[in-house]
Amino acid sequence: MSNTQPVIDISGVKKVYAMGANKVYALRGVDLTVAPGEMIAVMGSSGSGKSTLMNILGCLDVPTEGTYSLDGIKVNGMSKNQLADLRNQKLGFVFQGFNLLARTSAIDNVELPLLYDRSGRKLDTKAMAVEALTRVGLGDRMDHQPSELSGGQQQRVAIARALVTQPRLLLADEPTGNLDSRMTVEVMALFQELNDQGITIVLVTHEPDVAQYAKRIVEVRDGHIRRDHPVLNRKRAEEDLKALIAAHVGEEEMPATEGAEAA
Amino acid sequence: MKQTTLLKVASQNIVKNKMRTLLTMLGIVIGVGAVIVMVAVGNGAQTMIQKQISSLGTNLIIVMPGSGQIGGASQGAGTFNKLTVDDADKLKRDATLLSGVSPVVSTRAQVIGGKGNWRTMINGVSTDYLTIRDWSVSTGALFTDADVKSGRKVAVIGATVAANLFPDEDPVGAQIQIGHVPFQVIGVLAAKGQNAGGQDQDDVIIMPSTTAQNRLSGNIRLGQILASATDANDINAAQEEIKGLMRESHKLSVDGAEDDFTVRNQTEIAAAATSTTKVMSGLLAAIASISLLVGGIGIMNIMLVSVTERTREIGIRMAIGARGSDVLTQFLVESVAMSVLGGVIGLLVGYAGAALLGHLTGWTTATPVSAVAIAVGFSAAVGVFFGYYPARKAAALNPIQALRYE
Ligand SMILES: Nc1ncnc2c1ncn2[C@@H]1O[C@H](COP(=O)(O)OP(=O)(O)O)[C@@H](O)[C@H]1O
Ligand SMILES: [Mg+2]
């Protein structure tokens with residue numbers, strides 16, 4: 001495995017949805033290369049094609065046209081089962097709405113991807129799930145169900161679930177969209193920490209503040225990449241979190257769940 | 001996914017919706033319960049037939065007076081009884097496939113002797129009778145061919161008659177009066193018990209056929225002729241042989257003339273006797289199949305609801321690497337687990353139902369061990385058959401659309 005081989009390499013990717021008689025051009029020819037260790041924020045207005053791009057990167061959908069290599073593996077022409085295995089082995093997903101299994105404990109949620117492992121490896125799935133949950137700071141909430149956790153905590157469980165398989169790439173479609181500002185910073189601090197540990201991350205956001213935590217910003221408009229530029233004064237969420245806490249000292253403690261369910 | 005994990009997930013989902021699961025299983029419970037009762041009744045009838053066949057005799061063939069298809073209309077009142085001892089003698093002499101032949105002269109008579117007075121069935125027979133009926137004498141002896149020839153007044157009494165007339169003494173050698181005719185008791189028959197119809201087969205006295213005709217019935221016609229085929233495989237051939245010899249004996253021309261007798265074997269007789277249980281079994285089979293069908297549709301319905309409710313869950317599972325086959329298996333395991341659970345409950349209900357039915361009707365019901373396999377097999381089959389379509393639907397979902405489902 002060479003360090004220079006891109007994690008993502010797409011070129012000329014188009015996606016056309018047929019809506020009855022007329023066609024929707026969601027992506028009109030996208031080229032993107034992401035090297036290992038990058039942290040990219042995809043920005044753009046609603047309907048610009050961000051989710052469509054993420055679905056293709058996540059092997060949940062296939063492009064109408066164009067090629068895609070994930071970690072050196074050509075994705076085009078793969079069967080549904082091969083795509084499922086690829087998602088299981090190479091990718092971790094974090095969604096806006098957390099998408100945890102209801103009435104299922106945090107530990108069981110995190111363990112889930114390992115249960116679909118088809119590599120034949122011998123895995124201590126429980127131990128790996130415990131490790132992943134500890135890594136996101138929820139070692140003491142393992143038996144809690146999603147309904148017993150705050151939005152930020154739920155998203156961290158989801159991140160642990162995405163991490164537990166040690167994926168090559170973490171994909172997050174508006175991961176902070178349902179979180180208040182404090183939790184947003186918390187989650188972004190976690191993403192930055194993971195990125196520092198070497199995990200490649202692509203996240204979608206339309207909050208410029210959030211995008212400033214990434215290393216590189218890709219702007220999508222009308223199915224095209226319009227701008228692709230590095231973040232010059234990258235913010236550290238860790239520091240912002242400290243500042244937030246300092247500002248709150250003396251104020252009334254806000255319940256951690258507020259704002260999470262409403263979005 | 002590992003089997004244990006699949007079962008865990010399935011059981012969790014079943015437990016999460018207790019009431020719904022219970023109501024859904026009801027059809028399967030009733031269906032499997034009916035199957036078990038049906039098997040128990042059928043099985044009981046089977047053992048009853050077996051018992052009946054063996055209590056009738058060995059490879060038994062019965063010649064009865066009158067023409068008649070079994071249950072047919074031609075067994076009319078105008079048919080004359082033309083069975084005679086000569087017919088029995090001819091069968092005994094000329095048949096090649098028979099090991100024994102005995103005329104049966106039947107009448108009822110009052111018997112006086114020993115401690116009292118007893119009305120019973122009198123059968124005048126030949127010495128072959130006991131072999132044909134697979135019967136034996138417990139004390140004393142049977143009369144001889146010479147006794148039959150000379151029409152000696154000797155009697156072998158059944159166990160019930162012995163118990164009533166001679167409760168505490170050995171009847172052998174005692175004198176009794178049968179219909180005012182003095183007889184000597186020379187033996188007691190071994191106890192045979194009830195026949196399938198609940199009649200006491202030991203409430204009988206047998207004596208030489210000649211004696212019965214001359215002293216008691218005063219009728220040269222026979223009630224029936226019993227014969228025993230040498231080989232169980234030759235019963236049909238033996239029946240044909242008997243028909244041929246009987247037609248000869250009755251001088252029925254080869255062309256045309258209808259039989260004035262009926263030949264039946266023990267299987268035909270036993271089969272007729274079990275028709276009631278057969279009807280009942282058929283009825284239960286109908287209930288069972290309808291219940292299983294309705295139960296299966298119920299399961300399909302609830303599984304379709306479940307797939308819709310859990311669309312998002314399916315999307316999540318697919319996103320993190322579940323294959324279509326994993327989702328299919330998960331839902332299939334769930335529907336099978338639900339139906340098999342229903343089947344096991346149905347099994348218990350069926351056992352109880354069979355016992356109750358046996359108690360109320362007096363039928364023999366026997367629930368075989370294989371009923372467990374039948375219950376589990378039937379319900380699992382229903383679960384697979386009716387769970388497959390919803391499971392297929394779940395597996396075919398598009399992960400993106402499933403994740404977006406509200
Ligand atoms: N399954 C679909 N069928 C038809 N049109 C779709 C589908 N998914 C997305 N689109 C269309 O494609 C365009 C891009 O959508 P999307 O990628 O979801 O945008 P974003 O995530 O940037 O808001 C939109 O016009 C949207 O209506
Ligand atoms: Mg979107």
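Note that the structure is predicted; figures quoted are calculated from it, not measured. Chain identifiers are assigned alphabetically (A, B, ...) following the order of the sequence lines, protein sequences preceding nucleic acid strands; residue numbering begins at 1 within each chain. Reckoned from all heavy atoms, side chains included, excluding hydrogens, waters and symmetry mates.
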Original post:
Ala319(B), Ser325(B), Pro399(B): which one forms the most heavy-atom pairs within less than 4.5 Å of chain A?
Top reply: Ala319(B)

Original post:
Around Arg135(A), counting heavy atoms of other residues, nucleotides and ligands shown, do more than 12 lie under 6.0 Å from its CZ?
Top reply: yes

**OP:** Please name the pair of heavy atoms, one in Ala322(B) and one in Ala84(A), separated by the smallest distance, quoted to 0.1 Å.
**Re:** O-CB, 3.8 Å

**OP:** Check whether the side chains of Tyr116(A) and Arg317(B) place a donor and an acceptor atom closer than 3.5 Å, and report yes or no.
**Re:** yes

Subject >> Atom pair CZ/CD1 of Phe93(A) and Ile316(B) - distance to nearest 0.5 Å >> reply: 12.5 Å

Original post:
Considering only heavy atoms, which portion of Ala162(A) lies under 4.5 Å from any heavy atom of chain B: side chain, backbone, both, or neither?
Top reply: neither

Original post:
Counting only heavy atoms not in Phe378(B), do more than 12 fall under 6.0 Å of its CZ?
Top reply: no

Original post:
Could you state the interatomic distance from CG (Asn88(A)) to CG (Asp326(B)), rounded to the nearest 0.5 Å?
Top reply: 9.0 Å

Subject >> Arg221(A) CZ: over 12 foreign heavy atoms closer than 6.0 Å >> reply: no

**OP:** Give a yes or no on whether Lys23(A) atom NZ has more than 12 heavy-atom contacts from other residues, nucleotides or ligands under 6.0 Å away.
**Re:** no

Subject >> Stepwise side-chain contact (heavy atoms from CB on, under 4.5 Å) check, Arg323(B) with Lys80(A) >> reply: CA-CA 8 Å; Arg323(B) 289 182 176 185; Lys80(A) 276 187 177 179; over 6 Å; no

Subject >> Approximate separation, where rounding is to 0.5 Å, of Leu101(A) CG and Glu313(B) CD >> reply: 5.0 Å

Subject >> Heavy-atom closest contact (Gly324(B) atom, Asn81(A) atom, distance) >> reply: N-OD1, 4.3 Å

Original post:
For Gln166(A), does the CD atom sit with more than 12 other heavy atoms under 6.0 Å from it, leaving out its own atoms?
Top reply: no

**OP:** Give a yes or no on whether the backbone of Met318(B) and the side-chain of Arg87(A) come within a donor-acceptor separation of less than 3.5 Å.
**Re:** yes

Original post:
Measuring from Arg161(A):CZ to Ile320(B):CD1, what's the distance to the nearest 0.5 Å?
Top reply: 5.5 Å

Original post:
Which value, rounded to the nearest 0.5 Å, describes the distance between Arg404(B) atom CZ and Phe95(A) atom CZ?
Top reply: 11.5 Å

**OP:** Please determine, among Leu83(A), Leu86(A), Asn55(A), the option with the most heavy-atom pairs under 4.5 Å with chain B.
**Re:** Asn55(A)

**OP:** Check step by step if side-chain contact (heavy atoms from CB on, under 4.5 Å) holds for Thr104(A) and Gln12(B).
**Re:** CA-CA 10 Å; Thr104(A) 306; Gln12(B) 279 170 349; 5.7 Å; no

**OP:** Quick one: pull up CG in Leu60(A) and CG in Leu403(B) and give me the separation to the nearest 0.5 Å.
**Re:** 6.5 Å

**OP:** Check whether more than 12 heavy atoms from other residues, nucleotides or ligands sit under 6.0 Å from atom CD of Gln96(A), and answer yes or no.
**Re:** yes

